[in-house]
Protein chains: 2
Amino acid sequence: MKRNQTRIGEANREKILDAALSLFSRYGFRGTRTDQIAEAVGMSKPNLLYYFRTKQDLYAAVLERTLFMWLDPLAEIAPGADPKTALTDYITAKLDYSRRYPEHSRLFATEILQGATLLEPTLRNDLGPLVEAVVDRFRRWIDEGRLVAIDPMHLMFMIWATTQHYADFAAQIAILTGRSLDDEDFFATTRDTVLRVILNGVLPKE
Amino acid sequence: MKRNQTRIGEANREKILDAALSLFSRYGFRGTRTDQIAEAVGMSKPNLLYYFRTKQDLYAAVLERTLFMWLDPLAEIAPGADPKTALTDYITAKLDYSRRYPEHSRLFATEILQGATLLEPTLRNDLGPLVEAVVDRFRRWIDEGRLVAIDPMHLMFMIWATTQHYADFAAQIAILTGRSLDDEDFFATTRDTVLRVILNGVLPKE
DNA sequence: GTCTATAAGCGGATAGAC
DNA sequence: GTCTATCCGCTTATAGAC
């Protein structure tokens with residue numbers, strides 16, 4: 001049996017990836033030491049490097065494993081839905097990701113902030129077409145008068161910015177408000193406010 | 001004369017801070033090497049360390065020099081203005097900062113993303129009171145029926161998120177659209193869209 | 001698969017001449 | 001103020017026993 005394909009090997013790989021995500025998202029690639037990760041998993045450093053030959057390999061594996069979280073909610077926008085329902089569902093889903101997987105969000109944010117060199121192929125080849133499909137739908141709604149006449153790409157950016165902000169800037173939000181998305185009522189207020197402003201902003205007045 | 005207070009010393013300090021900002025914002029604190037910075041300034045590494053005794057000192061100096069950019073536009077919201085004018089001016093000013101000083105924005109974003117340990121005192125003591133004053137003004141407008149009844153703190157976050165996004169996620173935006181705020185017409189479209197959605201979202205319908 | 005011990009080299013900081 | 005040369009700690013990665 002090949003390396004890492006045993007049951008115990010697979011379990012260890014997962015544990016390593018979990019710990020690595022947590023540390024990489026907090027300290028960045030260079031700021032994280034491999035023995036920190038090893039210690040977090042309760043494993044010796046050489047043993048860790050038995051599973052992932054280099055720190056780079058481990059980092060790439062962490063990124064890859066979290067990629068679908070970046071792409072998933074986009075693909076879930078129901079094609080037949082009306083604008084209000086579709087936008088409500090998408091914004092709610094994105095905010096929910098910010099609550100459930102803030103470390104994933106921060107890992108991607110750090111990567112993009114630093115130039116997205118590792119992510120560029122994925123963003124271009126995988127995210128690009130998905131975004132285009134959604135933007136096309138926005139554009140059709142605009143043509144049909146079901147959304148106000150704004151640039152659909154910027155609507156996409158605004159949704160990403162407002163929802164991911166609560167994961168990426170959680171430290172600042174905690175300092176200023178003492179709250180986080182983990183507080184149920186803070187989450188509800190956030191969702192209601194973001195939804196209200198954006199829907200109010202893009203749906204035509206009756 | 002004390003060190004660094006001569007004309008040439010002051011000029012060198014500025015050149016170092018400029019290069020350091022550029023590199024720290026791109027690679028983070030740990031990802032940046034001091035000899036990289038020295039080379040960018042055309043100076044030997046020991047000479048660089050003559051001006052800033054440690055890498056930490058240099059980093060702190062860079063952060064401090066850029067702090068007013070974080071706080072400045074907030075303080076400029078004219079107290080007497082009506083909501084529409086005040087929000088328009090503030091959003092436009094923030095977007096202009098994202099265009100003119102994207103590296104500053106990314107430096108702060110990286111700091112906050114990684115837990116804001118260095119920035120926490122500043123955010124709490126300097127940003128906090130400024131934000132509170134602005135949020136109070138939002139709240140009064142809401143009470144007077146000049147803004148719709150949303151949580152004013154979240155309005156603040158939404159403005160920060162949407163405007164800073166164009167600096168912090170510039171790499172992703174470039175990959176998806178091929179554009180940046182440096183393109184005059186892209187900047188105009190961005191400003192118009194953000195303004196339209198947010199103003200439309202928070203101003204009461206006539 | 002897991003460990004102890006160690007190699008290898010990077011990178012921040014210093015010594016000391018000019 | 002600026003340089004060359006160098007130190008030394010820290011961190012990744014490997015060797016090799018179990």
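These values consider heavy atoms only, across backbone and side chains, with no hydrogens, waters or symmetry-generated copies. Everything quoted here is computed from the prediction, not taken from an experiment.
- Scanning all heavy atoms of the two residues, the minimum distance from I142(A) to V148(A) falls at CG1-O, 3.6 Å.
- T66(A) places no side-chain N or O within donor-acceptor distance of the main-chain N or O of H104(A), the cut-off being under 3.5 Å.
- Not one side-chain nitrogen or oxygen of Y50(B) sits closer than 4.0 Å to the OP1 or OP2 atom of dC3(D).
- Straight-line distance from the CG atom of D57(A) to the P atom of dA13(D): 8 Å, rounded to whole Å.
- Here dT4(D) is the nucleotide among dT4(D), dT4(C), dG1(C) with the atom lying nearest to any side-chain atom of S44(B).
- Spacing between atom OH of Y59(A) and atom P of dT12(D) amounts to 14 Å, rounded to whole angstrom units.
- Ring-centre distance between F138(A) and H154(A): not below the 6.0 Å cut-off.
- Note: NZ (K15(B)) to C1' (dG1(D)) measures 13 Å, nearest angstrom.
- When rounded to the nearest whole Å, the span between CZ of F52(A) and P of dT12(D) equals 16 Å.
- For residues 16-25 of chain B, the set of pairs meeting the salt bridge (Lys or Arg N to Asp or Glu O under 4.0 Å) definition, not counting sequence neighbours, comprises D18(B)-R65(B).
- The phosphate of dC3(C) has OP1 or OP2 within less than 4.0 Å of a side-chain N or O from N47(A).
- To the nearest angstrom, P of dT11(D) lies 15 Å from CG of L48(A).
- A cation-pi contact, defined as under 6.0 Å to the ring centre and within 45° of the axis, is absent between K84(B) and W141(B).
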I'd like a list of close polar pairs between nucleotides 7-9 of chain C and the protein, N/O only, cut-off under 3.5 Å.
none

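- Ion pair R139(A)/D136(A) flagged as a salt bridge, since at least one NZ, NE, NH1 or NH2 atom sits closer than 4.0 Å to an Asp/Glu carboxylate oxygen.
- Under a 3.5 Å cut-off, the side chain of N125(A) and the backbone N or O of P121(A) do form a donor-acceptor pair.
- A cation-pi contact, defined as under 6.0 Å to the ring centre and within 45° of the axis, links R99(A) to F187(A).
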For this session: List the protein contact pattern of nucleotides 12-18 of chain C with one symbol per nucleotide (5' to 3'): B for base contact, S for sugar-phosphate-only contact, - for none; contact means a heavy-atom distance under 4.0 Å.
Result: BBB----
For this session: Determine, step by step, whether D72(B) and Y97(B) satisfy the side chain to side chain contact (heavy atoms under 4.5 Å, CB included) criterion, reporting the C-alpha distance in whole Å, the side-chain angles of both residues, the deciding distance to 0.1 Å, and the verdict.
Result: CA-CA 10 Å; D72(B) 208 37; Y97(B) 270 93; 3.3 Å; yes
